[in-house]
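Read the numbers this way: they start at 1 and go in the same order the structure lists the ligands and their atoms. A quick note: this is a predicted structure, and the numbers were derived from the prediction, not measured.
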Amino acid sequence: MKLFQCQNCNHPLFFENDTCEQCGYHLGYLDSTFDLVALGPDLADWTIPKAGSHRFTYCKNHEYNACNWLVPKTDATGFCTACKLNRTIPDLGIKKNLKKWKRIEVAKHRLIYQLQKLSLPVQSKLYTENGLCFDFLSRKGAGANAKTIMTGHANGVVTILLSEADSVLREQMKRDMNERYRTLIGHFRHEVGHYYWERLIFSDEKILDDFRQVFGDERPSYGQALKDYYKNGPQKKWRKNFISKYASSHPWEDWAETWAHYLHILDTLETAYYFGIKVKPDLSNKKHMKMKSAFDPYNELSFKKIVSKAIPLFFAINSVNRSMGIADVYPFVISKAVIKKMEFIHGVVTKDVALN
Ligand SMILES: [Zn+2]
Ligand SMILES: [Zn+2]
Ligand SMILES: [Zn+2]
């Protein structure tokens with residue numbers, strides 16, 4: 001994520017801020033320019049010199065403190081690019097739901113920021129047939145159907161269970177599923193990976209062929225593959241070829257898991273770049289363990305270069321976390337086979353799909 005500062009007083013800001021703590025100006029995020037704009041001291045509608053003659057106002061979800069993005073005043077929906085994708089939000093009449101939904105929105109907005117940085121199509125399924133939309137659903141009150149509601153993706157609809165925004169329940173699931181990492185942003189990145197598989201891979205015969213060479217043939221039964229996975233566990237020696245156990249269940253899940261990790265890496269490296277982070281460990285052989293965040297990963301064509309920076313960075317951040325008694329921020333080993341898969345994803349996303 002980019003590092004922002006107040007355009008009025010230079011105070012450093014987070015992506016989610018809607019007011020500058022130092023000067024009191026209202027702040028709004030303009031996704032067309034990736035800027036957090038200092039709007040002024042009064043709540044009104046605003047013109048933004050960089051964005052032409054439109055007048056802008058906050059997205060409708062700002063009234064719940066769930067969004068700080070800007071929308072042209074003429075937009076009939078009143079929702080920003082990220083909130084136009086919401087098909088179902090939780091019942092806000094239930095007190096606890098608002099808190100959970102706001103956490104979901106933080107992760108979702110960060111996801112959309114990243115998809116836009118990659119120039120991926122972000123269109124709402126509510127207005128475009130092959131677009132994307134979100135259902136944020138609770139099992140509570142769903143009656144007999146409750147058990148069928150699951151976090152997942154089908155045909156452009158990403159469902160996120162509201163309980164994933166409850167850190168206690170999420171930790172419990174993480175333990176029950178024997179997982180190393182479980183977060184809201186991780187869910188979003190994984191599920192949206194299934195959507196982009198349909199848009200970027202399945203829709204192009206040549207790319208689909210290349211996909212099968214890298215990830216394997218996805219045509220054998222998905223349902224059976226998952227049944228086998230839950231019955232027998234992951235493939236033996238999964239670490240050599242997959243980023244996670246679950247990735248070894250079926251090529252679709254391998255793609256979604258690897259895609260999520262690809263997005264994890266880009267976001268982390270972008271943050272490191274904006275902070276000017278360098279890692280130069282006190283090791284006698286630091287050749288592969290030092291890094292300097294000298295480039296924005298979203299502008300870098302070589303994925304090898306990106307991953308060579310990510311590995312020492314994760315090693316350093318994991319070590320800092322251990323100093324604080326917190327779990328590793330990135331508890332995974334990226335094998336050569338996984339790097340090849342991420343290189344393929346990077347090629348598809350940057351439209352440079354020649355395999356090497
Ligand atoms: Zn300020
Ligand atoms: Zn919004
Ligand atoms: Zn999946």
Side-chain angles (χ1 to χ4, degrees), residues 4-32 36-41 56-72 75 77-86 89 101-102 104-113 116 122 124 126 133-134 136 150-155 157-161 164 177 179 182 186-198 215 218 222-223 225-226 229-230 242-261 263:
F4 300 95
Q5 60 182 334
C6 176
Q7 294 166 342
N8 184 46
C9 74
N10 292 335
H11 191 61
L13 303 169
F14 286 114
F15 181 56
E16 290 80 14
N17 289 151
D18 71 346
T19 315
C20 174
E21 272 179 31
Q22 187 162 274
C23 72
Y25 266 42
H26 294 287
L27 307 166
Y29 179 75
L30 191 63
D31 68 321
S32 57
L36 195 50
V37 185
L39 299 161
F56 286 88
T57 180
Y58 278 124
C59 167
K60 267 188 191 169
N61 283 338
H62 184 252
E63 71 176 280
Y64 302 104
N65 261 326
C67 180
N68 65 344
W69 289 29
L70 294 166
V71 196
D75 187 294
T77 71
F79 287 113
C80 72
T81 315
C83 295
K84 274 194 179 87
L85 306 176
N86 291 357
I89 64 160
W101 175 52
K102 276 157 80 167
I104 287 177
E105 288 297 336
V106 168
K108 187 198 81 183
H109 282 79
R110 284 181 174 250
L111 171 84
I112 304 305
Y113 164 88
Q116 290 185 316
V122 180
S124 173
L126 306 184
C133 72
F134 297 109
F136 305 133
M150 289 203 278
T151 294
H153 165 266
N155 208 6
V157 182
V158 167
T159 301
I160 303 282
L161 266 179
E164 292 293 340
M177 308 285 284
E179 291 173 344
R182 193 179 182 97
H187 281 308
F188 273 110
R189 286 176 177 155
H190 174 106
E191 300 307 341
V192 95
H194 289 301
Y195 168 70
Y196 284 107
W197 186 85
E198 287 177 1
F215 287 85
E218 84 291 356
Y222 174 72
L226 284 199
Y229 171 78
Y230 287 116
F242 302 97
I243 193 65
S244 67
K245 286 180 195 163
Y246 187 53
S248 76
S249 62
H250 186 275
W252 279 341
E253 293 309 334
D254 190 14
W255 162 270
E257 283 287 270
T258 313
W259 170 277
H261 278 258
L263 297 184

Evaluate side-chain hydrogen bond (donor to acceptor under 3.5 Å, both in side chains) for Glu218 paired with His250, printing each intermediate quantity in order. CA-CA 7 Å; Glu218 84 291 356; His250 186 275; over 6 Å; no
Could you walk me through whether Tyr222 and Glu253 pass the side-chain hydrogen bond (donor to acceptor under 3.5 Å, both in side chains) test, one step at a time? CA-CA 9 Å; Tyr222 174 72; Glu253 293 309 334; 2.4 Å; yes
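In this structure, Lys60 NZ and Phe79 CZ are separated by 4.5 Å, a value rounded to the nearest 0.5 Å. Taking OG of Ser248 as the reference point, atom OH of Tyr229 lies at 6.0 Å (rounded to 0.5 Å).
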Can you give each donor-acceptor pair under 3.5 Å made by side-chain atoms of residues 5-13, sequence neighbours left out, with the distance rounded to 0.1 Å?
residue	atom	partner	partner atom	Å
Gln7	OE1	Ala38	N	3.0
His11	ND1	Gln22	OE1	3.4

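Counting only protein atoms, the N, O or S atoms lying less than 2.8 Å from the Zn ion (ligand 1) are Cys6 SG, Cys9 SG, Cys20 SG, Cys23 SG, ordered by chain and residue number.
To the nearest 10 degrees, the Zn ion (ligand 2) sees SG of Cys80 and SG of Cys67 at an angle of 110°. Here the angle centred on the Zn ion (ligand 2), running from SG of Cys83 over to SG of Cys59, is 110°, rounded to 10°.
For Glu105, the salt bridge (charged side-chain N to carboxylate O under 4.0 Å, His left out) partners are Lys108, not counting sequence neighbours. With sequence neighbours excluded, no residue satisfies salt bridge (charged side-chain N to carboxylate O under 4.0 Å, His left out) with Glu21.
Among the atoms of Glu257, no N, O or S atom is found under 2.8 Å from the Zn ion (ligand 3). Put simply, His153 stays out of reach of the Zn ion (ligand 3), with no N, O or S atom under 2.8 Å from it.
If you look at Glu253 and ask which of its N, O or S atoms sits nearest the Zn ion (ligand 3), the answer is OE1.
Note on Arg182 versus Glu164: salt bridge recorded, some NZ/NE/NH1/NH2 to OD/OE distance being below 4.0 Å.
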